[in-house]
Amino acid sequence: QVHLVESGGGSAQAGGSLMLSCVYSGSTFNFVRMGWFRQPPGKWRMGVAAISTDGLSTSYADSVKGRFTTSRDNAKKTVYLQMNRLNPEDTAMYYCASAPDGTSYRVSLIEDDYTDWGQGTQVTVSV
């Protein structure tokens, strides 16, 4: 059974930084593709960043390109989301998601491409 636990959320001022972590437990993490999603208040959840099983392929939503970076440490079964130059529009509940994947290169920002989800961590950015 897969279990995902996010941490690192909190409050930040515009222009600041936060780093989210997501610890995975379950099957072999080396064959699991990961993604980050967020849901602002009153809006749909959307994909923010994704990373392949080997960590060499990534994908980002246009709204966060150049500001957010995702990475993973397979030995620690952890994926990270470094968020820089935060702005109030980044305020949302952030979720990590996983999906088993036999490829080394696939990435996806589509919700339906993921099978397991964490409980989320809140990020609030003030001016």
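- Between R45 and W117 there is a side-chain heavy-atom pair separated by less than 4.5 Å.
- The aromatic rings of F37 and Y114 lie perpendicular to each other, with more than 60° between the two planes, well past the 30° mark.
- The minimum heavy-atom distance between Q122 and T91, with the atom names listed, is NE2-CG2, 4.1 Å.
- With 3.5 Å as the limit, one finds a donor-acceptor pair spanning the side chains of S52 and D54.
- Shortest non-hydrogen contact noted between V107 and I51 is CG1-C, 3.7 Å.
- Closest approach of T70 and L81 over heavy atoms only: CB-CD1, 4.2 Å.
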Going through the distances and angles, do R67 and N87 end up as a side chain to side chain contact (heavy atoms under 4.5 Å, CB included)?
CA-CA 10 Å; R67 300 188 299 122; N87 59 62; 3.4 Å; yes

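- Rounding to the nearest 0.5 Å gives a distance of 8.0 Å between CZ of F68 and CG of L20.
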Side chain to side chain contact (heavy atoms under 4.5 Å, CB included) between K77 and V32: does it pass, once the steps are laid out?
CA-CA 10 Å; K77 294 189 173 183; V32 175; over 6 Å; no

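- The backbone N or O of G102 lies less than 3.5 Å from no partner atom in the side chain of R106, so there is not a single donor-acceptor pair.
- Atom CD of Q39 has more than 12 heavy atoms from other residues, nucleotides or ligands within 6.0 Å.
- Cluster annotation: W36 is not connected to Y95 through the hydrophobic network of ILVMFWY side chains, with a link wherever side-chain heavy atoms come within less than 4.5 Å.
- Judged by a 6.0 Å distance limit and a 45° cone about the ring axis, R72 is positioned over the six-membered ring of F29.
- Looking at T78, its side chain never comes within 3.5 Å of a backbone N or O of V23 through a donor-acceptor pair.
- With hydrogens and angles disregarded, a donor-acceptor distance shorter than 3.5 Å links the side chain of T53 to the backbone of T103.
- Judged purely by atom type and a 3.5 angstrom limit, R85 uses its side chain to pair as donor or acceptor with the backbone of G66.
- T121 OG1 to R38 CZ: the interatomic distance, rounded to the nearest 0.5 Å, is 14.0 Å.
- For the atom pair OG1 (T124) and CE (M93), the distance works out to 9.0 Å, reported to the nearest 0.5 Å.
- Between the side chain of T115 and the backbone N or O of S98 there is at least one donor-acceptor pair closer than 3.5 Å.
- Between A61 and G47, the shortest heavy-atom contact is CB-O, 3.4 Å.
- Nearest approach of S71 to V79, heavy atoms of both residues: O-CG2, 3.1 Å.
- Cluster annotation: V48 and Y80 are assigned to distinct hydrophobic clusters (Ile/Leu/Val/Met/Phe/Trp/Tyr, side-chain heavy-atom contacts under 4.5 Å, transitive).
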List the atom pairs, donor and acceptor, that lie under 3.5 Å between side-chain atoms in residues 5-12 and the rest of the protein, sequence neighbours left out.
residue: E6; atom: OE1; partner: Q119; partner atom: N; Å: 3.1
residue: E6; atom: OE1; partner: G120; partner atom: N; Å: 2.9
residue: E6; atom: OE2; partner: C96; partner atom: N; Å: 2.9
residue: E6; atom: OE2; partner: G120; partner atom: N; Å: 3.2

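- Note that CG of N84 and CE of M19 are 10.5 Å apart. Values are rounded to the nearest 0.5 Å.
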For side chain to side chain contact (heavy atoms under 4.5 Å, CB included), just list the numbers for D90 and M83, CA-CA rounded to whole Å, side-chain angles, deciding distance to a tenth of an Å, and then say yes or no.
CA-CA 9 Å; D90 296 318; M83 305 185 294; over 6 Å; no

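- Within the 3.5 Å criterion, the main-chain N or O of N30 finds no donor-acceptor partner in the side chain of T28.
- The heavy-atom pair separating M46 from S63 by the smallest distance is CE-OG, 4.2 Å.
- The CG atom of D73 sits 15.0 Å away from atom OH of Y24, with the distance rounded to the nearest 0.5 Å.
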